[in-house]
Novice: 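Sharing a structure here in structure tokens format.
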Amino acid sequence: MRLDKYLADATGMTRTESARAIRGGAVTVGGSVVRKPETHIDENAAAVTLRGAPVGWQAFHYVMLHKPRGTVSTTDPDERSVMHLIPPELARHDMFPCGRLDVDTEGLLLITDDGALAHELLSPRHHAEKVYFFRCDPPLTEAMAETLERGILLDGEMTKPAAVSREADGLSGTITLTEGKFHQIKRMLHAVGSEITYLRRKRFGTLVLDENLAPGECRALTDGEIGALRALAAAQTRE
Ligand code: URA
């Protein structure tokens, strides 16, 4: 891989910025300053530093975002796009939200540039679990929850079995889905006579929303979280 591309991928700098840093003598490879942006290096083995600090290269990048209400799960130019919440050191040009949450839903959103992994996790053939906390009004009765669990008719198709647990007053609970139809939870509750007043995604597959992240905050996934998602996608592929 070219050194300027490696540096841009690793740091989030543009190719122009990384080429400028290389020409300026700020970059070493294997301990020696390299001033030619077009120099080819082995991205899996090279020891690269930028202004004395080691630079780590990864093929793909993964960010956990606590999506706030009022933002849109899109890469389209929209001032409300969730992509504006990703700081430059975590953002990469090819990143996109892996799945969608409604504008008024908050919670866990995976942002990545790993198209193959996202495809596996989102594929309707598979069934990565998505767990949501909800509040609703009027209260969800046990009978209504059981109806949701069995499945209801949406868009002419039965929803897949869901798991619903409700607080005693029926005004909140969690619902686990293995599919993602448009406004699914809102429409499911509406169909049994209640309305969602608040919705937050807490888990997507193996990935759990970090409680230390306030709405609008994000962080890079840990190696363990990435490994668990890859293992889940691989297991789903084998099924
Ligand atoms: N179901 C909904 O109704 N909205 C979401 O954002 C996610 C699931």
Side-chain angles (χ1 to χ4, degrees), residues 59-78 80-87 90-134 148 151 154-155 157 159-164 174-189 196 198-211 213-222 224-237 239:
F60 298 112
H61 305 85
Y62 309 87
V63 173
M64 177 190 295
L65 172 68
H66 188 161
K67 176 192 174 298
R69 298 176 94 163
T71 54
V72 184
S73 309
T74 181
T75 54
D76 291 346
D78 181 320
R80 296 171 307 161
S81 165
V82 290
M83 302 310 291
H84 296 306
L85 297 168
I86 313 300
L90 295 181
R92 296 295 181 274
H93 300 298
D94 297 338
M95 277 184 157
F96 57 90
C98 177
R100 281 168 191 271
L101 293 175
D102 296 341
V103 65
D104 52 357
T105 300
E106 60 183 38
L108 174 62
L109 198 56
L110 171 65
I111 311 281
T112 183
D113 52 5
D114 186 343
L117 181 75
H119 177 77
E120 289 303 333
L121 294 173
L122 295 174
S123 163
R125 284 185 298 121
H126 304 316
H127 37 256
E129 286 183 347
K130 297 159 197 101
V131 182
Y132 297 84
F133 169 80
F134 66 86
L148 294 180
L154 279 190
D155 305 332
E157 275 180 11
T159 55
K160 291 188 181 157
V164 181
T174 60
I175 179 162
T176 304
L177 301 181
T178 55
E179 57 186 345
K181 295 181 190 295
F182 180 67
H183 289 180
Q184 181 158 348
I185 296 177
K186 290 175 191 154
R187 290 197 294 153
M188 285 173 75
L189 267 89
I196 287 289
Y198 173 81
L199 193 57
R200 180 174 77 242
R201 181 152 70 187
K202 295 170 21 163
R203 180 162 71 79
F204 173 45
T206 53
L207 194 61
V208 178
L209 180 63
D210 185 336
E211 288 180 358
L213 293 178
E217 291 183 346
C218 63
R219 67 159 170 81
L221 259 57
T222 64
E225 288 168 335
I226 297 167
L229 282 178
R230 288 197 182 129
L232 174 68
Q236 289 181 165
T237 308
E239 273 171 17

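All values below were derived from every heavy atom in this structure, side-chain atoms included, with hydrogens, water molecules and symmetry-related copies excluded. Sequence positions, counted from 1, serve as the residue numbers for this chain.
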Novice: In the structure I gave you, are the side-chain heavy atoms of Val103 and Arg69 within less than 4.5 Å of one another anywhere?
Specialist: no
Novice: More than 12 heavy atoms of other residues, nucleotides or ligands under 6.0 Å from CZ of Arg203: yes or no?
Specialist: yes
Novice: Is there a side-chain contact between Ile226 and Leu117 (heavy atoms, below 4.5 Å)?
Specialist: no
Novice: Output yes when Glu120 and Arg230 qualify as a salt bridge under the 4.0 Å nitrogen-oxygen rule, no when they do not.
Specialist: no
Novice: Kindly indicate whether the side chain of Phe204, heavy atoms from C-beta on, has any atom under 4.5 Å from the side chain of Cys98.
Specialist: yes
Novice: Kindly indicate whether the side chain of Ser73, heavy atoms from C-beta on, has any atom under 4.5 Å from the side chain of Leu109.
Specialist: yes
Novice: State, yes or no, whether a side-chain contact exists between Thr178 and Lys130 at a heavy-atom distance under 4.5 Å.
Specialist: no
Novice: So do Thr159 and Glu179 actually touch side chain to side chain, heavy atoms under 4.5 Å?
Specialist: yes
Novice: Nearest 0.5 Å, what's the NZ-CG distance between Lys181 and Leu154?
Specialist: 6.5 Å
Novice: Write down the atom of Phe134, the atom of Thr174, and the distance for their closest heavy-atom approach.
Specialist: CE2-N, 3.5 Å
Novice: Atom OH in Tyr132, atom CD in Gln184: separation rounded to 0.5 Å?
Specialist: 8.0 Å
Novice: A side-chain contact here means heavy atoms from C-beta on lying under 4.5 Å apart; do Leu209 and Arg201 qualify?
Specialist: no
Novice: Any salt bridge between Glu225 and Arg219, counting N to O under 4.0 Å?
Specialist: yes
Novice: May I ask you to say whether Asp104 pairs ionically with Lys186, meaning some side-chain N is under 4.0 Å from a carboxylate O?
Specialist: yes
Novice: Using side chain to side chain contact (heavy atoms under 4.5 Å, CB included), reason through His93 and Asp113 one step at a time and then give a plain yes or no.
Specialist: CA-CA 8 Å; His93 300 298; Asp113 52 5; over 6 Å; no
Novice: Distance check, rounded to the nearest 0.5 Å: Phe60 atom CZ versus Asp114 atom CG?
Specialist: 4.5 Å
Novice: Would you name the heavy atoms of Glu217 and Leu65 that are closest together and state the gap between them?
Specialist: O-CD1, 3.6 Å
Novice: Closest approach of Ile196 and Leu199, non-hydrogen atoms and distance?
Specialist: CG2-CB, 4.1 Å
Novice: Would you name the heavy atoms of Pro97 and Met83 that are closest together and state the gap between them?
Specialist: CD-SD, 4.0 Å
Novice: Hey, does the Lys NZ or Arg CZ of Arg200 hover above the aromatic six-ring of Tyr198, less than 6.0 Å from the centre and inside 45° of the axis?
Specialist: no
Novice: Go through it in stages, so that I can follow the logic: the residues are Val72 and Ser81, the test is side chain to side chain contact (heavy atoms under 4.5 Å, CB included), and I'd like the CA-CA distance, side-chain angles, deciding distance and then a yes or no.
Specialist: CA-CA 5 Å; Val72 184; Ser81 165; 5.5 Å; no
Novice: Quick check for you: to the nearest 0.5 Å, what is the distance between Leu189 atom CG and His183 atom NE2?
Specialist: 14.0 Å
Novice: Can you tell if the side chain of Leu90 reaches within under 4.5 Å of the side chain of His61, non-hydrogen atoms only?
Specialist: no
Novice: Are Phe182 and Arg100 close enough, and set up right, to give a side chain to side chain contact (heavy atoms under 4.5 Å, CB included), and what steps lead you there?
Specialist: CA-CA 9 Å; Phe182 180 67; Arg100 281 168 191 271; over 6 Å; no
Novice: How many angstroms lie between atom CG of Leu207 and atom CG of Leu108, to the nearest 0.5 angstrom?
Specialist: 5.0 Å
Novice: Under the criterion side chain to side chain contact (heavy atoms under 4.5 Å, CB included), which of Leu177, Thr176, Val208 is the partner of Val131?
Specialist: Thr176
Novice: Out of curiosity, Glu106 CD to His66 NE2, how far, rounded to the nearest 0.5 Å?
Specialist: 4.5 Å
Novice: Can you spot which of Val82, Ile111, Thr112 makes a side chain to side chain contact (heavy atoms under 4.5 Å, CB included) with Phe96?
Specialist: Thr112
Novice: Can you name the nearest heavy-atom pair linking Cys218 to Val63, along with the distance?
Specialist: CB-CG1, 3.7 Å
Novice: Indicate the atoms forming the closest heavy-atom contact of Pro68 with Leu85, along with that distance.
Specialist: CD-CD1, 3.5 Å
Novice: In terms of heavy-atom contacts, does CG of Asp94 have more than 12 from other residues, nucleotides or ligands at under 6.0 Å?
Specialist: no
Novice: Has the side chain of Asp78 got a donor or acceptor atom that lies under 3.5 Å from a matching backbone atom of Arg80?
Specialist: yes
